[in-house]
There are 2 protein chains.
Amino acid sequence: MSTYTNAPYHHGNLRQALLEAALIILEKEGQNGLGLRDLARAVGVSAAAPYRHFDSRAALLEALAVTGFQRFSAAMEAVASTEPAQPMAAMGKTYVLFALDNANLFRLMFSPELKRDNRPGLRMAADAAFDTLRQAVGGDQRSGRIKALAAWAKVHGLAILLLDGQIALRAGEDTEALIAEIIGGL
Amino acid sequence: MSTYTNAPYHHGNLRQALLEAALIILEKEGQNGLGLRDLARAVGVSAAAPYRHFDSRAALLEALAVTGFQRFSAAMEAVASTEPAQPMAAMGKTYVLFALDNANLFRLMFSPELKRDNRPGLRMAADAAFDTLRQAVGGDQRSGRIKALAAWAKVHGLAILLLDGQIALRAGEDTEALIAEIIGGL
DNA sequence: TCCTATATGTGAACAATGTCAACTTACACC
DNA sequence: GGTGTAAGTTGACATTGTTCACATATAGGA
């Protein structure tokens with residue numbers, strides 16, 4: 001399993017190298033700027049090589065989205081473990097900041113081109129991430145469910161609108177402060 | 001300008017025909033399933049013909065998004081002109097239902113691939129649509145702004161989460177009722 | 001230590017796509 | 001009626017995702 005050197009095969013650990021390079025390209029160029037050939041070139045490998053590790057470009061994107069959900073989940077758990085005074089507000093802020101800090105990865109996670117129905121791995125990763133949310137928010141009981149869904153919608157919508165530059169900041173206004181104000185009433 | 005027959009040129013009114021066919025294909029196949037060549041084939045015209053009316057595929061998509069915003073705007077104004085008892089709730093419901101009824105068009109309107117910065121036409125159409133919202137909601141005064149943004153985020157997020165099938169309905173639960181419940185507290 | 005099965009990477013090819021340039025057609029208008 | 005120009009066609013190009021036949025390096029048993 002774990003060897004001393006981290007370069008097990010021919011060219012090194014290609015799968016990992018591909019994912020890492022892909023994340024960088026994705027964040028810089030966006031989902032459509034991430035081509036398999038460019039990616040292969042960036043890693044210094046032939047255009048067909050990635051197919052030994054991913055069935056298709058879509059599968060590569062799915063793998064990226066899965067790691068995205070894992071990071072997202074980790075960020076959420078980190079906040080929850082803090083046991084903040086206002087759990088929902090704290091997690092909401094983290095939610096939005098994660099989206100802003102990982103813009104294209106976040107967009108990929110919710111990309112319609114990755115139909116979650118056909119991708120059990122992605123579905124599971126997404127569900128796991130949101131379960132973290134649900135637990136902290138207590139949306140399991142019938143009473144809290146509507147409130148939890150409403151909070152989720154608000155936070156998710158805020159993230160997307162900010163990402164799209166749809167919410168214009170006023171002069172001297174701070175993004176983080178605005179987020180806090182909007183989320184405040186949770 | 002306006003002629004008796006509505007088939008001004010060679011093949012008929014291509015631009016309009018393209019847009020109409022594109023809307024149908026878009027709703028059925030999604031943004032990535034909408035190829036220029038397929039579209040041209042569907043209208044019965046050569047692959048290069050669309051370039052007489054749209055600079056690029058992106059320009060075609062932009063035109064589609066613009067008509068999307070116009071329809072959206074119209075739906076909003078229609079509701080507002082009703083002068084409902086709860087303006088925000090009524091418009092919110094319309095907002096979400098529009099998204100569900102025009103899933104792929106709605107997604108296109110907010111597609112990151114259409115950077116609104118570089119597309120004044122799209123930006124204007126979007127702003128016009130949201131202005132309708134802002135007016136009805138009264139988010140111009142400093143006091144109401146946060147509340148208006150929060151409502152917008154909530155509604156937009158709800159639309160997207162429902163579109164993605166992320167919010168699971170419980171047994172015997174009605175989508176529209178759930179929307180009303182979640183939006184209720186505006 | 002050698003041999004072989006197998007995992008990994010290469011190279012050349014394919015079909016499909018967006019796009020463009022040169023050419024043709026048909027309408028509008030003087 | 002002749003001509004300029006808008007609208008459509010044909011054929012080409014580069015690029016992309018993907019595949020197949022081939023090459024190579026590694027692992028693990030003989």
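By convention in this document, chain letters (A, B, ...) are assigned in the order of the sequence lines, proteins followed by strands, and residues within each chain are numbered from 1. These figures come from a predicted structure and were not determined experimentally.
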Legend entry - Rounded interatomic separation in angstrom, taking CZ from A:F54 and P from C:dT8: 12 Å
Inset, instruction - May I have the distance from B:R52 (atom CZ) to C:dT19 (atom P), rounded to whole angstrom? - result: 14 Å
Inset, instruction - Take atom CG of B:D55 as the centre, draw a 6.0 Å sphere, and report whether it contains more than 12 heavy atoms from other residues, nucleotides or ligands. - result: no
Inset, instruction - Round to a whole Å and report the spacing from CG of A:L18 to P of C:dT8. - result: 12 Å
Legend entry - Length of the line joining B:E62:CD and C:dG18:P, which is rounded to integer Å: 17 Å
Inset, instruction - Specify the residue among A:D38 and A:D55 whose closest nucleotide of DNA chain D lies further upstream toward the 5′ end. - result: A:D38
Legend entry - Gap between atoms OH and C1', on B:Y51 and D:dA6 respectively (whole Å): 19 Å
Inset, instruction - By nearest nucleotide on DNA chain C, pick out whichever of A:S46 and B:R41 is the more 5' one. - result: A:S46
Legend entry - Phosphate contact (D:dA6 OP1 or OP2) by B:H53 side-chain N/O below 4.0 Å: no
Inset, instruction - To the nearest Å, give me how far apart CZ (B:R15) and P (D:dG8) are. - result: 12 Å
Legend entry - Salt-bridge present (A:E181, B:K147; N to O < 4.0 Å): no
Legend entry - Interface residues of residues 23-33 of chain B with DNA chain D (non-hydrogen, below 4.0 angstrom): none
Inset, instruction - Report which part of the nucleic acid A:R57 touches: base, sugar-phosphate, or nothing (heavy-atom distance under 4.0 Å, all strands). - result: sugar-phosphate
Inset, instruction - May I have the step-by-step check of salt bridge (charged side-chain N to carboxylate O under 4.0 Å, His left out) for A:D164 and A:R107, ending in yes or no? - result: CA-CA 10 Å; A:D164 282 5; A:R107 285 197 251 250; 3.3 Å; yes
Legend entry - Connected via hydrophobic side-chain network under 4.5 Å: A:L100 and A:L169: yes
Legend entry - Least distance between heavy atoms, B:Q31 atom then B:R57 atom: O-NH1, 3.7 Å
Legend entry - B:R119: partners by side chain to side chain donor-acceptor pair (under 3.5 Å), with sequence neighbours left out: B:E62
Legend entry - Nucleotide D:dG17, atom C1' - distance to CG of A:L34 in whole Å: 13 Å
Legend entry - Which residues share a side-chain contact (heavy atoms from CB on, under 4.5 Å) with A:P84, sequence neighbours left out: A:T82, A:A90
Inset, instruction - Just call it for A:R37: base, sugar-phosphate, or nothing, with non-hydrogen atoms closer than 4.0 Å on any strand. - result: base
Inset, instruction - Report the distance from atom CG of A:L36 to atom P of D:dT19, rounded to the nearest whole Å. - result: 11 Å
